[in-house]
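Each chain gets a letter, A, B and so on, in the order the sequences are listed, and its residues count up from 1.
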2 protein chains.
Amino acid sequence: MSSEALKRASTLEDVARVAGVSRATVSRVINGVRNVDPAIQEAVRQAIARTGYVPNSAARSLVTRRTGALALVISGSDAPETPDHHVGGEIFADPFFGRVVSGVFTGLRPLDLHPVLMLADSAEARDKALTYLRQGNADGAMVVSTHSRDPLPAQLLAAGIPTVLFGRPPTPLSLSCVDLDNREGGRIAADHLHARGRHRVAAISGPLGVRAARDRLSGFREAMADHGIHQLPHVEGDFTREDGERAMASLLRRYPDLDGVFAANDLMAQGALAVLAEHRRRVPEDIAVIGFDDSSAATAGRPHLTTVRQPVEEMAAEMTRVLLDHLARPGRAATTVLFEPTLIERQSA
Amino acid sequence: MSSEALKRASTLEDVARVAGVSRATVSRVINGVRNVDPAIQEAVRQAIARTGYVPNSAARSLVTRRTGALALVISGSDAPETPDHHVGGEIFADPFFGRVVSGVFTGLRPLDLHPVLMLADSAEARDKALTYLRQGNADGAMVVSTHSRDPLPAQLLAAGIPTVLFGRPPTPLSLSCVDLDNREGGRIAADHLHARGRHRVAAISGPLGVRAARDRLSGFREAMADHGIHQLPHVEGDFTREDGERAMASLLRRYPDLDGVFAANDLMAQGALAVLAEHRRRVPEDIAVIGFDDSSAATAGRPHLTTVRQPVEEMAAEMTRVLLDHLARPGRAATTVLFEPTLIERQSA
DNA sequence: ACGCGCTGGGAGAGCGCTCTCCGAGCGTGC
DNA sequence: GCACGCTCGGAGAGCGCTCTCCCAGCGCGT
């Protein structure tokens with residue numbers, strides 16, 4: 001065992017020698033390309049087993065120009081430099097992240113591909129990620145880009161790296177993307193609140209630098225306007241639970257008679273719920289709360305959140321599929337896949 | 001721009017020709033090895049800029065035997081095959097996962113290394129991961145192995161792949177690992193509950209196939225026994241919120257006069273809290289609840305959870321550092337870094 | 001003036017694989 | 001019986017880089 005571990009790893013050459021054939025033949029057997037005489041195949045397989053041969057993927061990548069890795073880039077707005085805090089803490093704590101990862105794995109499962117994670121939360125990190133990709137460390141990139149001003153998608157496009165985005169960029173690029181019809185999601189929330197007879201409603205939006213946040217808010221506003229409600233208190237949040245608490249508290253202070261709240265994600269809705277509980281407001285009797293995402297946060301507390309579902313896993317899986325398709329057919333034109341939000345009615349509204 | 005994109009990527013050779021030097025010199029400049037005449041250095045830099053040269057990492061890996069990637073393997077017990085469900089959904093939904101990722105990034109931040117994610121939740125996936133690692137796709141592996149019977153750590157050891165574990169294996173292997181003193185954590189929970197005057201307590205443990213879960217429970221039991229409490233209702237959970245709800249409901253049914261509960265993680269504690277709220281039990285007045293982890297779930301609902309803190313981010317960062325150290329000094333002996341749990345006192349107990 | 005050490009650039013041998021050619025061997029059709 | 005095509009193995013040329021040699025040139029000591 002230890003003597004095996006010490007000597008250098010066996011190569012194609014070794015296998016070929018043991019099997020009494022050429023390197024090319026061994027390669028053919030391994031890659032299942034062209035017909036190879038069954039007897040020889042068997043001999044090669046035995047030689048592989050005997051030598052404990054494992055192909056070296058660097059050597060293979062060098063010639064095939066494929067790495068077997070796909071980058072999953074989380075490209076956020078620049079994170080504040082809080083030295084005592086951990087890198088990307090807030091991003092990774094959001095259930096959204098886990099759902100994306102889960103969806104990516106679902107899309108990748110049948111294949112021999114693995115996602116390499118990159119965090120591009122600063123100009124420096126972004127450059128590093130770009131360099132990494134340029135060096136050919138991954139065959140393509142999936143980018144969850146939150147902020148509108150994020151230059152990364154355009155840079156990837158310019159660098160000729162196969163890329164698919166989660167979320168449409170603010171200005172159309174010829175890159176494929178998957179996204180939710182966020183505006184429609186906002187409308188759904190508004191319609192539901194209105195149908196429940198709520199007229200003194202407010203919104204806790206996400207950061208307005210994020211397109212999805214803007215779209216949800218404007219959809220909500222539009223639909224409310226359609227219902228004759230033009231006065232709409234609004235607080236901008238940052239998608240964290242803490243900020244949802246802060247926003248709800250502020251809203252409650254300024255508009256004590258609110259009877260409905262739309263939060264742009266479940267985490268903030270959950271924060272709102274906690275603050276409402278502290279203020280002894282009954283949900284949904286006194287005030288209805290509707291969230292967005294249908295993440296695990298929706299059913300974490302009581303009451304369970306009524307929410308606008310964003311099928312993140314499906315979207316991430318689709319993003320992966322689209323990227324694989326681009327890899328398989330390099331010429332393919334960029335496509336946009338838009339998912340439809342749906343209302344998940346639970347207890348809070 | 002497009003003409004740039006079309007022609008093949010420039011190589012060291014191209015840069016060398018443009019700069020009027022040899023490949024070796026360009027390589028030296030890029031890697032900053034040995035002295036190179038400043039004038040030549042400058043010429044090389046210009047040539048690099050002019051040609052838009054980016055080193056090909058496959059070629060580099062082939063000779064250096066380094067890839068610049070570290071595997072982060074989530075090796076769980078075999079996941080049930082639920083076709084409609086998404087891969088690893090539960091694992092990735094757990095805040096624990098995000099915290100590990102965050103810690104890994106913290107440990108990796110200054111370096112040009114990226115984590116590649118692998119999910120080994122079935123024998124097949126485990127084999128794939130092992131093969132991937134054997135092929136040299138990553139320089140080393142960090143393994144979050146939950147289940148006791150997981151053969152992966154031993155396999156990695158046998159394959160000679162530099163590996164660090166999050167969580168000690170059931171039988172000691174000569175692999176480095178970082179872990180929490182879970183037994184002590186259980187004791188801390190018990191001591192606190194006892195100090196609060198709770199005598200009719202129960203435990204919601206994690207899956208007993210997981211060493212950490214067993215240790216937390218036995219530490220809790222031991223300390224309770226020290227306090228003269230030998231009768232200890234116990235329900236085994238699976239670390240999910242839903243299971244925490246189920247466990248709490250079952251406990252409440254069987255032992256209606258409980259005045260204290262220890263849950264082996266915050267997610268289950270959160271579930272317990274929700275069920276207690278539904279049963280109109282006041283926390284902590286009627287029944288005290290203490291969680292474990294100090295994850296974001298601890299402050300998600302109301303009341304905030306009193307919990308035993310596990311510094312997951314620090315542990316993951318340390319795991320990364322230990323792996324890097326093993327990579328830098330191949331001969332290094334395996335070490336175990338044990339972290340101490342601390343009590344975080346909030347409202348629930 | 002000569003030798004010696006030292007600095008710094010060039011040549012070239014790989015690293016381990018894939019893949020295009022080439023050619024041997026065999027079967028087939030007329 | 002011969003030309004032709006077809007199948008399948010081997011030879012060998014790279015893929016783009018690193019790194020060990022080797023050697024030219026220079027400064028220094030004697």
Inter- and intrachain pairs under salt bridge (charged side-chain N to carboxylate O under 4.0 Å, His left out), touching residues 13-26 of chain B, at least two apart:
B:Arg8-B:Asp14, B:Glu13-B:Arg23, B:Asp14-B:Arg17

Sequence neighbours excluded, every pair satisfying salt bridge (charged side-chain N to carboxylate O under 4.0 Å, His left out) that has a member inside residues 131-146 of chain A:
none

Going by side chain to side chain contact (heavy atoms under 4.5 Å, CB included), name the residues that satisfy it together with B:Ser176, two or more places apart in sequence or in a different chain.
B:Val164, B:Val322, B:His326, B:Arg332, B:Ala334, B:Thr335

Walk along nucleotides 13-23 of chain D from 5' to 3' and tag each nucleotide B, S or - by protein heavy-atom contact under 4.0 Å, base first, then sugar-phosphate.
B-BBBBBBB--

For A:Val18, give me all partners under side chain to side chain contact (heavy atoms under 4.5 Å, CB included), at least two apart in sequence or on another chain.
A:Ala47, A:Arg50, A:Thr51

ring-ring contact (aromatic ring centres under 6.0 Å, His included) involving B:Tyr132 - partner list, sequence neighbours excluded:
A:His114

Can you list every pair that meets salt bridge (charged side-chain N to carboxylate O under 4.0 Å, His left out) and has a residue in residues 153-177 of chain A, with sequence neighbours left out?
A:Arg168-A:Asp179

Residues in side chain to side chain contact (heavy atoms under 4.5 Å, CB included) with B:Ala129, at least two apart?
B:Met118

Could you tell me which residues satisfy ring-ring contact (aromatic ring centres under 6.0 Å, His included) with B:Phe92, sequence neighbours excluded, listed by chain and number?
A:Phe105, B:Phe97

Taking the side chain as C-beta and beyond, is there a heavy-atom pair between B:Asp121 and B:Ile74 under 4.5 Å?
no

Every protein N/O lying under 3.5 Å from an N/O of nucleotides 23-28 of chain C:
none

By the salt bridge (charged side-chain N to carboxylate O under 4.0 Å, His left out) test, which pairs, at least two apart or in different chains, include something from residues 51-61 of chain A?
none

Here the distance between atom P of C:dT7 and atom CG of B:Asn35, to the nearest Å, is 8 Å

Bend angle of the helix from C:dA1-D:dT30 to C:dC30-D:dG1, from helix axes over five pairs at each end, nearest 10°
50°

